[in-house]
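Here is the structure we will look at, set down as structure tokens.
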Amino acid sequence: MRLSELLVHTLREAPAEAEIPSHQLMLRAGLIRQNAAGIYTWLPLGLRVLNKVTHIVREEMQHIGAIELLMPMVQPAELWRESGRWNQYGPELLRLQDRRGREFCLGPTHEEVITDLIRNTVRSHRQLPLTLFQIQTKFRDEQRPRFGIIRAREFLMKDAYSFHLDVESLDETYMRMYAAYSRVLERIGLDYRAVKADTGSIGGDVSHEFHVLAESGEDTIVYAPDGAYAANRELAEARPSRKRRPAAEASLARVATPHAYSIADVSKLLDIPPSHCVKTLLVKGSETPAVALILRGDDELNPVKAGHLPEVVSPLKLLGEEEVRKLGSLEFGSIGPVDLEFPVIADREAALLADFCCGANTPGEHLTGVNWGHDLPEPAVADIRLVKEGDRSPEGSGRLSFARGIEVGHIFKLGKRYSTKMNAVVQDSHGAERPLMMGCYGLGISRIVAAAIEQNHDTRGILWPPGIAPFSVIIIPLGAQHSADIRGAAERLHDELHQAGLEVVLDDRCLRAGVMLKDSELLGIPHRLVISARSREKNIVEYQARGAVSSEDLPREGLIDTLRKRLMRQ
RNA sequence: CGGGGUGUGGCGCAGCCUGGUAGCGCGCCUGCUUUGGGAGCAGGAGGCCGCGGGUUCGAGUCCCGCCACCCCGACCA
């Protein structure tokens, strides 16, 4: 392949809209072009990388016995009405009408379409288990696309769906898929973590996310150094700081706390550490106008965990200052759980406190020496705090650390959610109809490309992991403008490597040395060969690995074998 | 969706306050020189100054409306 054919137009400066390295480098190296917010063209060079990832993913899917199919991007509204998601999904679902006014949407995911397919084609448990996948363009009308390809509206995704008679079979496929995702990321050579995750709006009971570790990641993942525990911070929990509540010693007292509204203010004023104060957050209840969530003063609410409480509306809605006022004589800054007329749910840590301090539900006053079961009823207890770095790991030993990650994969045990709603049943061995057990498994192919760059770049450009580099070898002829000999030598070398099955690209643009050398580094091709008058004279080829500090001379004779060895070594 | 910002040639930007010939650097085309880390000189092409309306003799510049894009937050299988 010749560079002149690939529409590479490198940019010396990054376009102003790009902030993070992967976005800047993808634009500068000519991998993508933006068409609209979150919508991109993949240029030839970028597409080669995308196809590399696709290839690896396809192989690993086939390896675990998944069967490929291709479903439509445009999906009829009826299916979404059946599953209930036409109303649930919200504006992220791009809806459209055909010329007859029939409603459709662009597929953000394919549970409906595949469930519809399977209910019409699978009747017997003998056809199970079954795992199907596709690699297809998805559209989600994100409120705020950003970071280039990482959070695009249109993106390439591998989505797989599995169908089972029982949960044991689902568990088995789930674990196989987990292993396959791990292999994909290992083959590409990315530093990643699989973490327990919230199931979000897709539902189901168990789910894991696969995160590529990167500073610019949008998610915080929590892990224990012994590897026994890893979770998204949205769902992460910690081992409680103590086993049981200390005995009460103090007695209830009401103190004036003028102008002290925050935990920090109160703590300072009364000389009580924040860990012995509680904060009371009022949220909209599912049955009651409000529910009080109690946290230790030094803890923060995890809205995702709290949103799962049956007593509160989901997603969680914190009451604003005005809404709180309407509830009675309550004012922000002095709310507490004592004599509150709403359900009180305490975080585990807050429930372990004795002699604590809280708002008195009278503006400008707080209570000290408060004790559960004495000054107020024992609360309902739940784990609703956001874990902190250094908390104790809930499994195994050690303390929790944080890292930033880019979510590239997410697998779910869906259970019967879709099969029940859409009446997808099979006959079991007794002839009885049973709803299908389902799993679904997403892997963001285009996002992996960006994540790979995010994790593998330097000041000069991209350093492609060998498994997904657009080319393995780039040949740069220096002085080719004036030398038919150099030109010819470069061409012959290119053809020879190509014949030998190496993925090689020749920079035939005949530009100045500096430009071609810089570009080769920007493009991130792992191996570079320079042909020049000097190399011709000495009958060598100058070799430099991307990222290496210096070059070395390789004898022209046997070059292919030498190169092959270096390619294998990676 | 709330807050902030930006729209001027392919990319990066100035010009707008104070209205009067649309400019700079990079890139692109031609020629000459140069040639191992983003060359020099000369010549050249390329612009509904985001869109619509208004004010004015005259609008890139002032006013009104809209749109697009970016950033922070909320949101997000």
Side-chain angles (χ1 to χ4, degrees), chain A residues 7-20 23-24 27-28 30 33-39 83 85 88-93 107-112 138-148 150-153 155 157-161 197-204 207-210 218-219 232 234 303-304 307 315-318 320 407-414 417-418 438-444 447 460-461 476-483 486 509-522 528 530-536 542 544 550-551:
Chain A
L7 277 182
V8 265
H9 179 80
T10 57
L11 301 174
R12 199 183 294 193
E13 294 169 286
E17 75 256 21
E19 293 271 316
I20 65 167
H23 190 193
Q24 293 181 340
L27 291 168
R28 285 188 54 209
R33 277 291 172 112
Q34 185 180 47
N35 288 313
I39 298 177
S83 72
R85 289 207 291 183
Q88 268 174 30
Y89 213 93
E92 228 183 287
L93 189 65
T109 176
H110 281 67
E111 282 81 13
E112 282 79 3
K138 297 282 183 283
F139 193 93
R140 291 180 194 173
D141 199 357
E142 295 276 352
Q143 291 188 34
R144 190 152 102 76
R146 59 180 136 176
F147 303 144
I150 288 186
R151 181 168 294 277
R153 291 193 292 174
F155 57 97
M157 179 172 179
K158 186 284 304 174
D159 46 327
Y161 306 87
D198 187 64
T199 51
S201 66
I202 201 153
S207 101
H208 285 85
E209 289 168 349
F210 289 78
E218 293 184 273
D219 289 282
N232 193 309
E234 284 182 347
V304 173
L316 193 75
K317 196 175 168 303
L318 277 167
E407 181 193 344
V408 297
H410 201 162
I411 60 178
F412 300 83
K413 289 183 194 175
L414 284 178
R417 174 177 167 155
Y418 292 90
M438 283 178 66
C440 74
Y441 318 90
L443 192 58
R447 189 180 275 187
R460 293 163 179 257
I476 297 184
L478 295 188
Q481 304 93 307
H482 306 293
S483 165
I486 290 172
R509 297 175 300 170
C510 291
L511 300 172
R512 296 179 63 82
V515 177
M516 292 196 289
L517 294 171
K518 289 274 189 215
D519 271 356
S520 78
E521 284 157 349
L522 175 60
R528 178 170 82 194
V530 173
I531 304 276
S532 64
R534 188 180 75 87
S535 73
R536 289 295 290 153
E542 199 174 305
Q544 185 167 351
S550 59
S551 67

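In this text the structure is predicted, and so the values were computed from the model without any measurement. All chains are named by letter (A, B, ...) in the order of the sequence lines, taking the proteins before the strands, and each is independently numbered beginning at 1.
Of the C1' atoms belonging to G12(B) and G27(B), the separation is 11 Å, rounded to the nearest Å. G25(B) and C64(B) have their P atoms separated by 36 Å, with the value rounded to a whole Å. Taking atom P in both C49(B) and A22(B), the straight-line distance is 11 Å, to the nearest Å.
Take Y441(A) and apply the ring-ring contact (aromatic ring centres under 6.0 Å, His included) test, not counting sequence neighbours, and it matches no residue. Annotation: salt bridge (charged side-chain N to carboxylate O under 4.0 Å, His left out) contacts of E542(A) (sequence neighbours excluded): R534(A). E13(A) is linked by a salt bridge (charged side-chain N to carboxylate O under 4.0 Å, His left out) to nothing, counting only residues two or more places apart in sequence or in another chain. Every salt bridge (charged side-chain N to carboxylate O under 4.0 Å, His left out) that R509(A) has, sequence neighbours left out, goes to D507(A), D519(A).
For the pair I39(A) CD1 and A68(B) P, the interatomic distance rounds to 12 Å; values are reported in whole Å. Rounded to whole Å, the distance from CG on D519(A) to C1' on G38(B) is 8 Å. Note: CD (E234(A)) to P (C76(B)) measures 8 Å, nearest angstrom. G36(B) atom C1' lies 12 Å from atom CD of Q544(A), rounded to whole Å. Between the CD atom of E142(A) and the P atom of C71(B) there is a distance of 13 Å, rounded to whole Å. The distance from atom CG of L11(A) to atom P of C13(B) is 12 Å, rounded to the nearest whole Å. Summarising the geometry, the separation between CG on L478(A) and C1' on G36(B) is reported as 6 Å, rounded to the nearest angstrom. Note: CD (Q481(A)) to P (A39(B)) measures 12 Å, nearest angstrom.
Between the R28(A) side chain and the L11(A) main chain, a donor and an acceptor come within less than 3.5 Å of each other. No donor-acceptor distance shorter than 3.5 angstrom exists from the side chain of Q544(A) to the backbone of R528(A), with no hydrogens or angles considered.
By the 4.0 Å N-to-carboxylate-O rule, R146(A) lies too far from E19(A) to be salt-bridged with it.
Relative to the side chain of P15(A), the nucleotides G37(B), C69(B), G12(B) differ in distance, and G12(B) lies closest. Ranking C76(B), G36(B), C11(B) by closeness to the E92(A) side chain, first place goes to C76(B). Side-chain atoms of R512(A) lie closest to U34(B) of the nucleotides G38(B), U34(B), C76(B). Between G37(B), G36(B), G10(B), one nucleotide has an atom nearer to the side chain of R33(A) than all others, and that is G10(B). Comparing atom distances between the R151(A) side chain and each of C70(B), G36(B), C76(B) picks out C76(B) as nearest. Nearest to the side chain of F147(A), among G37(B), C72(B), C13(B), sits C72(B).
Distance check: E209(A) CD to H410(A) NE2 gives 4.5 Å after rounding to the nearest 0.5 Å. Rounding to the nearest 0.5 Å gives a distance of 6.0 Å between CD of E111(A) and CG of L414(A).
Put simply, Q34(A) has a side-chain N or O that comes within less than 4.0 Å of OP1 or OP2 on C70(B).
Each of G148(A) and E521(A) was matched to the nucleotide of RNA chain B holding its nearest heavy atom; the match closer to the 5' end belongs to E521(A).
Here the closest non-hydrogen pair linking I476(A) and M516(A) is CD1-O, 3.5 Å.
In a base pair of the Watson-Crick type (N1 to N3 plus N6-O4 or O6-N4) or a G-U wobble (N1-O2 and O6-N3), with each distance short of 3.5 Å, G31(B) is matched with C41(B). Under the Watson-Crick or G-U wobble criterion, with both distances below 3.5 Å, C69(B) is paired with G5(B). Base pairing of C62(B) is made with G54(B), judged by Watson-Crick or G-U wobble geometry with both donor-acceptor distances under 3.5 Å. G47(B): no Watson-Crick or G-U partner with both key distances under 3.5 Å is found in any strand. Pair assignment for A14(B): none, as no Watson-Crick or G-U wobble contacts are both less than 3.5 Å.
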After noting the C-alpha distance and the side-chain angles of Y161(A) and H110(A), does the key distance pass the side chain to side chain contact (heavy atoms under 4.5 Å, CB included) rule?
-> CA-CA 9 Å; Y161(A) 306 87; H110(A) 281 67; 3.2 Å; yes
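A18(A) comes within contact range of no nucleotide atom at all, as no heavy-atom separation falls under 4.0 Å. Within the 4.0 angstrom heavy-atom criterion, base atoms lie near P108(A). Among the heavy atoms of the strands lying under 4.0 Å from E542(A) is at least one base atom, whether or not backbone atoms are also near. As judged by a 4.0 angstrom heavy-atom cut-off over every strand, R447(A) is placed among residues making no nucleic acid contact.
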Between the protein and nucleotides 1-8 of chain B, which nitrogen or oxygen pairs are less than 3.5 angstrom apart?
none

Every protein N/O within reach of nucleotides 25-32 of chain B N/O, cut-off under 3.5 Å:
residue, atom, partner, partner atom, Å
G25(B), N2, E13(A), OE1, 3.3

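Residue R146(A) places no side-chain atom within donor-acceptor reach of the base of G73(B), judged by atom type and a 3.5 Å distance cut-off alone. Looking at R28(A), its side chain has no donor and acceptor atom pair within 3.5 Å of the base of C11(B).
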